[in-house]
Amino acid sequence: MIKRILFTGSNGQIGSELSRAFRKIYGNENVIVTDIAPNSKVADDHYEQLDVLDADRLAKLVDTYKVDAIVHLAALLSAVGEQKPQLAWNINMNGTINVFEVAREKKLQRVFVPSSIGVFGSTTPLDNTPQDTVLQPSTMYGITKVSGELLGDYYVKKYGLDIRGLRYPGIISNDTLPGGGTTDYAVAIYYDAIKQGSYECFLSENTMLPMMYMPDCIKATTDLFQADFSKLKHHTGFNLAAFSVTPKDMAASIRKYIPNFTISYKPDFRQAIADSWPNTIDDSAARTEWQWKPNYDLDTMTQDMLKVIGDKHTKGLL
Ligand code: AKB
C-alpha cells in the first residue's frame, strides 16, 4: 500500500495544488514536497530543497522519509525550452531517469510523471488526435516528453515498475502562475481581464488548443494515480481532454461577465509551437481504462476563474 509520496517541482503551477490535494488524501505528514527553490510556497509543508539532477540527494530523501511513490513534476516547459534547449534536455531527461533509477533501485511502488500535448507535431492528425499516433514534435520540450514516455514504458516492461503519466493539455488555474509554457496565455488573460479589462495575446485569435481547468487536472491525476494498474493498457502517455478553445473563444466567454473586456493579438515565437499542436484530442483510452470524465467547460471555468481572481484583486492580493 502506498503511504508516503514525494513530489518534485512542488512549487510549480500544478505541484502547488496537486500536493495540497494529495495531503488531503494521504495525510499532511505523508506528502514530502521538494523543489529547486530554497523555500516552499506553503509554510507548514514537509519541504526539502532538491535539484532533480542530484540523484544522490533524491535517493537520500527517499530513504530518510521512507518514500513509497514519486510524483515527478519538475520540468522546463515548451516556450522556455525553445530558449534554452540544452537545459531543457538536461532537466527533463536526466531528472526523469534519476527518478526512474531511484524507483528501480529502491523498489518504489509507483511513479507519476506527466507528459503533454507537446508530444504531438504537425505530422500528427490535429483534429481528434488519436491515442496511438505519430509523435514527431518540433520542440525540445516535445522531444523530451516523447522520450520520457518511451523511457517510462521501457521501465514498466523491463523492470516491472508501475509508472503512469498523462498528456496534459494547457492547464488553467488561479493559485500559482504557470511559467514558460505556450498555453500560459489562457491564464494571463483572466488576470489581465480583472486587473485592466484588456489583454494582448501572444497567439493569434483562431489558434485552437486543448485546455483544462485545474480542478479537472487534479481529478485526472489523482484518478490515474489511484487506478488499478492491471486495468491499464497504456501507461505513460494517456491523452486527456476537457475542452478546446481559441483566444477569441476565451475573450467571448470573459465578455459574458466583463462586457467591456477587449483583446488584441501580437503573435510571437510561441505561435509556431501552438500551430504544431492539436486542436482537439481523443481521450477515449483514459475514459475506458480509468473512467476519466471532466467536470468543467469553458464557461463554468470562466465564471469560477473570474470570481476567484476578482476576490484576490478586491483584497489587494494581485
Ligand atoms: C506548455 O505550454 O508548454 C505546457 C504544456 C501544454 O505542456 N502548458
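Model, not experiment: these values are computed from the prediction. For ligands, and for the atoms within them, numbers begin at 1 and follow the listed sequence.
- Between Tyr141 and ligand 1, a contact under 3.5 Å exists for at least one N or O pair.
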Show me the donor-acceptor pairs, under 3.5 Å and distance only, between side chains in residues 225-233 and residues at least two apart or in other chains.
{"residue": "Gln226", "atom": "NE2", "partner": "Tyr26", "partner atom": "OH", "Å": "3.2"}
{"residue": "Asp228", "atom": "OD1", "partner": "Ser230", "partner atom": "N", "Å": "3.0"}
{"residue": "Asp228", "atom": "OD1", "partner": "Ser230", "partner atom": "OG", "Å": "2.8"}
{"residue": "Asp228", "atom": "OD2", "partner": "Ser230", "partner atom": "OG", "Å": "3.4"}

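- Looking at Arg164, Glu149, Glu289 one by one, the single match for side chain to side chain donor-acceptor pair (under 3.5 Å) with His234 turns out to be Glu289.
- Scanning the protein heavy atoms around atom 5 (C) of ligand 1, the nearest turns out to be Ser116 OG, 3.5 Å.
- Asp68 contributes no side-chain N or O that, together with a main-chain N or O of Gln109, makes up a donor-acceptor pair within less than 3.5 Å.
- Minimum heavy-atom separation, Pro247 to Ile189: O-CD1, 4.4 Å.
- Between Trp277 and ligand 1, not a single N/O pair is under 3.5 Å apart.
- Within ligand 1, the atoms closer than 4.0 Å to a non-hydrogen atom of Leu77 are 3 (O), numbered from 1 in the order shown.
- When only non-hydrogen protein atoms are considered, atom 8 (N) of ligand 1 lies nearest to Thr183 OG1, 2.9 Å.
- Below 30°, between 30° and 60°, or above 60°: for Tyr155 and Phe100 the angle between ring planes is between 30° and 60°, a tilted geometry.
- Here is the list of ligand 1 atoms found below 4.0 Å of a heavy atom in Ser78: 1 (C), 2 (O), 3 (O).
- Of all the heavy atoms of Ile117, the ones lying under 4.0 Å from any atom of ligand 1 belong exclusively to the side chain.
- Residue-ligand proximity, Thr182 to ligand 1, at heavy-atom distances under 4.0 Å covers atoms 1 (C), 2 (O), 3 (O).
- A donor-acceptor pair under 3.5 Å is absent between the side-chain atoms of Asn279 and the main chain of Asp127, judged by distance alone.
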